[in-house]
Undergrad: 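Attaching a single structure in structure tokens format; questions to follow.
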Amino acid sequence: MHDSPTPHHPPAPSKPMDAIVALCKRRGFIYQASEIYGGLNGFWDYGPLGTLLKRNLREAWWQDVVMLPCWGRPGPDGKPVSILPVDTRIIQHPKVWEASGHVAGFNDPMVDCRLTKQRYRYDHVQVFVPASGDAGDKPLFAYISDQPSEAKQRKKAEKAHGPLSSVLLSSLPQPWARVIAPDADAPGSLTEPRQFNLMFHSFVGATASESDKVYLRPETAQGIFAQAKNVWDTNRVRVPFGIAQAGTSFRNEVTPRNYTFRSREFEQMEVEFFVVPPEHLEGDEPATSSPLDWYRFWRDWRMEWWKSVGLGSDNLQLREHDKDELAHYSQATSDIEYRFPFSAPGFGELEGVAYRGSFDLTQHQKHSGTKLEFRDTARGQTLPNGSRRGVAYVPHVIEPSAGLDRGVLAILCEAYTRDESRPSPELMKFHPRLAPIKAAVFPLIEKDGMPEVALRLHAELSRRFARLGLIETDAKQSIGKRYARMDEAGCPFCFTVDGDTLTAQTVTVRDRDSGAQQRVHLDAVPAFLSDKLGL
RNA sequence: GCGGGCGUAGCUCAGUGGUAGAGCGUCAGCCUUCCAAGCUGAACGUCGAGGGUUCGAGUCCCUUCGCCCGCUCCA
């Protein structure tokens, strides 16, 4: 999470995270996983309303990214944006993760210092020892080369031992009782090296030998890259185009924290958008757009999209990465970030949009031995018959990678509203498109024929809208209490059958956010709701 | 992984080593013509889990799990 400064945004009034968590439990949005067994660190389940909310957000992404990409808006090349979906497996060939860098980069053993709470990569820790050999009972001084600790420890070590040589910590026998950690001033504080496996693993087959070891994917992206060639070989697509996938990923986080924000099992919604490398654009026909054009297009549209599903406040920001923050293969990356109650005044990442060059496909090409070049028959030299010779290249990629569970959490936080001026202060202001409950129908009182009319209206609305979300009805207790319950669940519209309904064929519709009411003809209710849900 | 705080009803929380509590919510009935209203009643707990001390543990001790905060980590 970034504590990025926000010079142009005044700090928003913070919302109490505790109250949001309590509401989410109380109304069945989010439960702790395996709660009856004491819970499991880093895992959260969704209850009925949470499941619907999450499904609605995933569905909104699916509709707007896959089915009608970018709302039908043309890309920077003026043409419709082309996206195809895939659904790849959580478990891939282990070499996929070697190619992606996940195996090498995240299996480093670390040692901790019990005194200073510092953590060091085991293979980076070196130790000054007497050049003569035996140090007797004297302490040994550990350091990290090119860090301040090197000079500091060298000075102390020379004083203690005279001429020095240095060895790796790993060459000394454990426990390192006489070793003084790089930033400590007493010996014996280093823990034994610990492996930090950020990827979960399992075994294929029943014998569970090391050669059968597989990993649970830490991102959905690599399944896309691994199938990119199949997709372009079998689908008559042409670069630029994208492949999209939503699915579950796993990261064995060191410290799961902040409610569902950093869960060990989570769902991603990713696009790998393949574009023509810059070297194939020059003097080329047909003119198309550069990777950076596409990068900016996706970055800006993804920002708009998050606003469109209800994150319109200044709690949402776009943050372009600094040069020194970029991965070595990326020329541009930005994060779409939300100011969560627990991160404020800092922000937490919802989606990263990265221009990754050809890094991923090139890696897979190298590790698999399979050429991952796209044969672009619209480019290259024009032949006498008017066709093109074609060129082959490894496409560059723009990756908009969003966290679904983080999106849900941001929506929950943004929707949570406490208004002390209302009889029931807590309400969830979900965008109607995301609201788990789309509408409720009440009889004002449970007699005089009102329940019958309400049930008929409820049945009709259910027939028309239940595919999108719940349509509720409730006749118990006072009308205020029923409105309040719907407010808390984030239901945007309540239709109430009253005395006038029986004579004038009208009902009241109450707006969740304002509490305002208007009368609508009974027959016009479906059209009213349809309009409000943006259908 | 380290340090600190916390864990009692669905939620928020009281609870002095001596019978397990309140408010809200939930449910039922009555009442009720628009905002958690009123009246009556009901259900709901292995006090996070395991062990120990004690005649007796929600309370004291140990272990463990989980949540929150700060470090650390965050491809």
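Proteins come first, then strands; the chains are lettered A, B, ... in the order of their sequence lines, and each starts at number 1. Owing to the predicted nature of the structure, the values given are computational and were not obtained by experimental measurement.
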Undergrad: Do any side-chain nitrogens or oxygens of A:K481 fall under 4.0 Å of OP1 or OP2 in B:C35?
TA: no
Undergrad: Could you check whether A:Y37 gets within reach of a base, just the sugar-phosphate, or nothing at all, counting any heavy atom under 4.0 Å?
TA: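 No contact.
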Undergrad: Go through the N and O atoms of the side chain of A:T255 and the base of B:G1, and report whether any donor-acceptor pair is under 3.5 Å.
TA: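 In this structure, the two groups form a donor-acceptor pair.
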Undergrad: Round to the nearest Å and state the distance from A:Q32 atom CD to B:G48 atom P.
TA: 14 Å
Undergrad: Closer than 4.0 Å, any side-chain N/O of A:N252 to the OP1 or OP2 of B:C73?
TA: no
Undergrad: Paired with B:C6: which nucleotide, if any, by Watson-Crick or G-U wobble criteria at under 3.5 Å for both distances?
TA: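 B:G66 - that is the nucleotide pairing with B:C6, both distances being under 3.5 Å.
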Undergrad: What's the gap between B:G18 and B:C69 when it is taken at their C1' atoms, as a whole Å value?
TA: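 About 37 Å, rounded to a whole number of Å.
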Undergrad: Taking the P atom of each, how far is B:C67 from B:G48, in whole Å?
TA: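 Those two atoms are separated by 16 Å.
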Undergrad: Can a side-chain donor-acceptor contact be found between A:Y46 and A:D405 if the only test is distance below 3.5 angstrom?
TA: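 A:D405 vs A:Y46: donor-acceptor pair found between side chains.
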Undergrad: What's the closest nucleotide to the A:K447 side chain, out of B:C11, B:C35, B:U32?
TA: B:U32
Undergrad: Have a look at A:G28 and say if it touches a base, only the backbone sugar-phosphate, or nothing, with a 4.0 Å heavy-atom cut-off.
TA: nothing
Undergrad: Base, sugar-phosphate or nothing for A:D498? Non-hydrogen atoms, less than 4.0 Å.
TA: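 Base contact.
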Undergrad: Is the distance between the ring centroids of A:F430 and A:F29 under 6.0 Å?
TA: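 For A:F430 and A:F29, the ring centres are under 6.0 Å apart.
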Undergrad: Take atom P in B:U59 and the same atom in B:U19, then report the distance between them in whole Å.
TA: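 Taking atom P in both B:U59 and B:U19, they lie 14 Å apart.
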Undergrad: Closest to the A:N258 side chain: B:C69, B:C11, B:C34?
TA: B:C69
Undergrad: Record whether the side chain of A:R510 comes under 3.5 Å of the base of B:C35 through a donor-acceptor pair of N or O atoms.
TA: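 Flag set: donor-acceptor pair detected.
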Undergrad: Between B:G1 and B:U63, how far apart are the P atoms? Round to whole Å, please.
TA: 15 Å
Undergrad: B:C34 base to A:Y483 side chain: any donor-acceptor pair below 3.5 Å?
TA: yes
Undergrad: Between the base of B:G70 and the side chain of A:R257, is one N or O donor paired with an acceptor at under 3.5 angstrom?
TA: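 Indeed there is one.
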Undergrad: Does B:G38 have OP1 or OP2 under 4.0 Å away from a side-chain N or O of A:Q477?
TA: no
Undergrad: Report which part of the nucleic acid A:Q517 touches: base, sugar-phosphate, or nothing (heavy-atom distance under 4.0 Å, all strands).
TA: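 The residue A:Q517 makes base contact.
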Undergrad: Between the base of B:C34 and the side chain of A:T508, is one N or O donor paired with an acceptor at under 3.5 angstrom?
TA: yes
Undergrad: Would you check if the distance from the ring center of A:F342 to the ring center of A:Y259 is below 6.0 Å?
TA: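 Not close enough - the centres of the two rings lie 6.0 Å or further apart.
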Undergrad: Given the ring of A:F261, does A:R406 sit roughly above its face, with NZ or CZ under 6.0 Å from the centre of the six-membered ring and within 45° of the axis?
TA: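 The answer is yes; both the distance and angle limits are met.
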